[in-house]
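Protein chains get the first letters and strands the later ones, always in sequence-line order, with residue 1 at the start of each. This one's a predicted model, so the numbers in the text were calculated from it and none came from an experiment.
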Amino acid sequence: MGKGITSRKENYSQWYNELVVKADLAENSAVRGSMVIKPYGYAIWEKMQAQLDKMFKETGHSNAYFPLFIPKSFFSKEANHVEGFAKECAVVTHYRLKNGENGIEVDENAKLEEELIVRPTSETIIWNTYKNWIQSYRDLPILVNQWANVVRWEMRTRLFLRTAEFLWQEGHTAHATREEAVEEAIKMINIYAEFAQNWLGLPVVIGTKTENERFAGALETYTIEALMQDGKALQSGTSHFLGQNFAKAFDVKFADKNGQLEYVWATSWGVSTRLMGALIMAHSDDNGLVLPPKLAPIQVVIVPIYKGDAQLKDFDEKVDAWLAQFKAKGISVKYDNRDIHKPGFKFAEYELKGVPVRIAIGPRDLEQGTCEIARRDTLEKHVIQQEGLVDYVEKLLIDIQNNIYQKALKHREESNHKVDDFESFKKAIEAGGFVYAHWDGTSETENKIKELTKATIRCIPVDNPQEEGKCVLTGQPSKQRVIFAKAY
RNA sequence: CGGGGUGUGGCCCAGUCCGGUUAAGGCACCUGCUUUGGGAGCAGGGGAUCGCAGGUUCGAAUCCUGCCACCCCGACCA
């Protein structure tokens, strides 16, 4: 492992790339645009999954699994949906290989009658299925989620933030009424927001997307938008109210209490391994990863400082007792008594990997009944008594979780700009952060602004204060400010 | 798909312009000894069809032709 990583100031983008690789989270694979998520990175993802899954189940959802392959004809049933995804679909056309002149080649005689699309999202296959599941209002609602991989053939990819294949969950629900579906979509975006704030330690703005940025096939897209340290926004989760679009496309009707046939109302919602990118970019520093304790695979690491095997034995005995106490409290702890590295190396390594709390114990401590505690978020170190160590660390982990969130929140607040003319707007966008500005509500203006500044409307915040104003570009009347930012 | 760049042990790379010993160095790896409170030191060791395929030549990492891959910048996106 090489020493150090590029600093954020030097090159933020390079800092991110190096961090992902050096912290052992993921690496590029032999397949263009597709990553390998390494055990340490996957462990974080599993913790995210576990918590989200719990939250989904608590709100009445069940998991299921739908096929990876979607017949092309399904895909084209919803006009906006096809249009939105057509440019980034992987297509399976054949089902057999053969030995040819140049080695293994595709067997032209094994062409599929109908091509299969590798799912970029599953609305179509799921609504084709729901058609058979739904006859009456008694079959509703359907509250299903699936954990899956999806493929979107991206031009340019970056580990976790944008890869050709990624992991996610997609919830797909069916409801008897519009109100219930809208309520569901809002409920789920709120769950995402709660997860982001309480687990990722990431403050988010909840809002709706403009028509331009809306999911292909949705009537309304709710989003959580987070701000990264470099002042760029990251869409971290979306929840869609799909209206009756997919029900109509797949002819999914139900008989209501009066025996009337009605189209079903739908939602879908998802978060992906992109959250890993959000997590990394939101908190980490020039020394490496900074993980919120609630998602850290290792929450506490204990490093002994010793001379010779005999001395190590003294530590082993003492630390074994601590390990048992930590485990009893459900705190994941690692005792690193490897002899192949010196303590200094281990300190650097665990900082790079974002372990929230490090305990060092050496001969001096053994004499004095103390140990040294270092917290990753502030890099502060101090010596405490061994007595009460485990309780102390338990509290410290909570404190770190809070501090990480507060720090990110402070950064976002300090990066907010309110502007009323286009010159200030351009400057504010250049400076980075969320820019609150009036907008005349047209796609033309939105596109023009994107062209001129690379900034897009991230969202229209929910409960947005209404105020009279003039569009920052056209001067047309506007009733509210929306959030502009450059985005990932 | 446009514009630029790079391919040399696991990783970073020198050498390529101007062809000529056994392809250099650092990191990592293995062995041994000494070390251990912020990325240890010394000694020894293993590991490379120089992206691929042709061609020129007595001789190619180096020159020529073709191909491939990857990276960066643009248009698209969670």
Side-chain angles (χ1 to χ4, degrees), chain A residues 1-5 11 13-14 17-18 21-22 27-34 83-89 102 120-121 149-170 192 209 212-216 218 221 223-226 233-240 268-278 287-288 303-309 311-312 315 336-353 358-368 370-372 374 379 381 383 447 450-451 454 456 458 487-488:
Chain A
M1 199 178 305
K3 281 187 192 177
I5 51 175
N11 186 336
S13 169
Q14 196 178 332
N17 292 338
E18 285 180 16
V21 172
K22 291 200 172 170
E27 62 189 28
N28 278 307
S29 72
V31 186
R32 193 204 75 101
S34 299
E83 203 192 316
F85 286 105
K87 284 164 285 179
E88 48 185 19
C89 286
N102 303 314
T121 179
N149 57 338
V150 287
V151 168
R152 297 183 187 174
W153 212 260
E154 300 291 348
M155 304 280 192
R156 291 187 56 205
T157 58
R158 287 187 75 191
L159 294 173
F160 290 122
L161 296 174
R162 179 164 299 110
T163 47
E165 178 187 359
F166 57 95
L167 305 183
W168 76 347
Q169 56 71 216
E170 45 181 328
Y192 289 155
K209 286 291 189 186
N212 270 3
E213 301 278 326
R214 202 173 286 156
F215 176 74
T221 288
T223 178
I224 51 171
E225 295 288 325
L234 184 75
Q235 178 177 307
S236 305
T238 49
S239 177
H240 315 290
S268 67
W269 28 273
V271 293
S272 71
T273 36
R274 181 178 241 204
L275 286 178
M276 293 287 293
N287 292 315
V303 178
I305 297 150
Y306 62 96
K307 291 183 185 175
D309 283 350
Q311 196 172 48
L312 180 59
F315 291 107
D336 186 354
N337 59 357
R338 289 178 300 171
D339 192 37
I340 50 174
H341 292 298
K342 290 180 54 169
F345 178 91
K346 295 176 184 175
F347 294 172
E349 188 184 25
Y350 292 111
E351 267 162 28
L352 183 60
K353 291 191 147 197
R358 183 184 70 230
I359 302 170
I361 177 161
R364 282 208 300 272
D365 298 304
L366 224 45
E367 278 170 29
Q368 296 164 14
T370 56
C371 59
E372 184 194 75
L379 295 170
K381 288 194 289 200
V383 175
N447 289 334
K450 185 178 179 184
E451 213 175 284
K454 299 219 157 75
T456 49
R458 300 322 304 154
Y488 275 97

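The gap from the C1' atom of B/G55 to that of B/G19 amounts to 15 Å, rounded to the nearest Å. For the P atoms, the distance from B/U16 to B/C63 is 9 Å, rounded to whole Å. Spacing of C1' atoms, B/G46 relative to B/C30, comes out at 7 Å, to the nearest Å. Comparing the same atom, P, in B/A61 and in B/A24 gives a spacing of 13 Å after rounding to whole Å. Nucleotides B/A43 and B/U49 have their C1' atoms positioned 32 Å apart, rounded to a whole Å. One P atom belongs to B/U8, the other to B/A48, and the distance between them is 15 Å to the nearest Å. Nucleotides B/A53 and B/A14 place their P atoms 24 Å apart, quoted to the nearest Å. Taking the C1' atom of each, B/A78 and B/C68 are spaced 31 Å apart, rounded to whole Å.
Looking at heavy atoms from C-beta onward, A/Leu379 lies in side-chain contact with A/Glu351 at the 4.5 angstrom threshold. Under the 4.5 Å side-chain criterion, counting only non-hydrogen atoms from C-beta, A/Leu366 is in contact with A/Phe315. Residues A/Glu88 and A/Met155 fail the side-chain proximity criterion, which asks for heavy atoms closer than 4.5 Å. In this structure the side chain of A/Arg214 never reaches within 4.5 angstrom of the side chain of A/His240, judged on heavy atoms. In this structure, A/Gln368 and A/Val383 have side chains that are not in contact, with every pair of non-hydrogen atoms separated by 4.5 Å or more.
When the nearest nucleotides of RNA chain B are assigned to A/Trp168 and A/Asn17 by heavy-atom distance, the more 5′-ward of the two goes with A/Asn17.
In this structure, the NZ atom of A/Lys450 is 13 Å from the P atom of B/G74, given to the nearest Å. For the pair A/Glu27 CD and B/C11 P, the interatomic distance rounds to 10 Å; values are reported in whole Å. For A/Ile340 and B/G39, the CD1 to P distance is 17 Å, given to the nearest whole Å. One can place CD of A/Glu18 at 13 Å from C1' of B/C11, the figure rounded to the nearest angstrom. The distance from atom CD of A/Gln14 to atom P of B/C72 is 10 Å, rounded to the nearest whole Å. Spacing between atom CG of A/Asn287 and atom C1' of B/G39 amounts to 12 Å, rounded to whole angstrom units. Straight-line distance from the CZ atom of A/Arg158 to the P atom of B/C70: 18 Å, rounded to whole Å. When rounded to the nearest whole Å, the span between CG of A/Asn28 and C1' of B/C72 equals 14 Å.
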Base-contact (B) and sugar-phosphate-only (S) positions in nucleotides 32-38 of chain B, heavy-atom cut-off under 4.0 Å, - elsewhere = ----BBB
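Between the OH atom of A/Tyr488 and the OG atom of A/Ser13 there is a distance of 6.5 Å, given to the nearest 0.5 Å. One finds the CG atom of A/Asn337 at 6.5 Å from the NZ atom of A/Lys346 (value rounded to the nearest 0.5 Å). Atom-to-atom distance recorded for A/Thr370:OG1 and A/Glu372:CD is 9.5 Å, nearest 0.5 angstrom.
Counting any heavy atom pair closer than 4.0 Å across all strands shown, A/Leu161 reaches a base atom. Within the nucleic acid shown, A/Glu154 comes within 4.0 Å of at least one base atom, counting heavy atoms only. Among the protein residues, A/Tyr488 comes within range of no part of the nucleic acid, since none of its heavy atoms lies under 4.0 Å from any strand. Using a 4.0 Å heavy-atom criterion, one finds that A/Thr456 contacts no nucleic acid atom at all.
With pairs defined as Watson-Crick or G-U wobble and both atom distances under 3.5 Å, the stems of at least three pairs that touch RNA chain B come out as B:1-7 with B:68-74, B:10-12 with B:25-27, B:29-34 with B:40-45, B:51-55 with B:63-67.
The aromatic rings of A/Phe166 and A/Trp168 lie perpendicular to each other, with more than 60° between the two planes, well past the 30° mark.
Remark: A/Phe85 pairs with A/His81, A/Phe215 by the ring pair (Phe, Tyr, Trp, His ring centres under 6.0 Å) rule, at least two apart or across chains.
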Take A/Arg338 and A/Glu349 through the test salt bridge (Lys or Arg N to Asp or Glu O under 4.0 Å) and record every step on the way to the result.
-> CA-CA 13 Å; A/Arg338 289 178 300 171; A/Glu349 188 184 25; 3.1 Å; yes
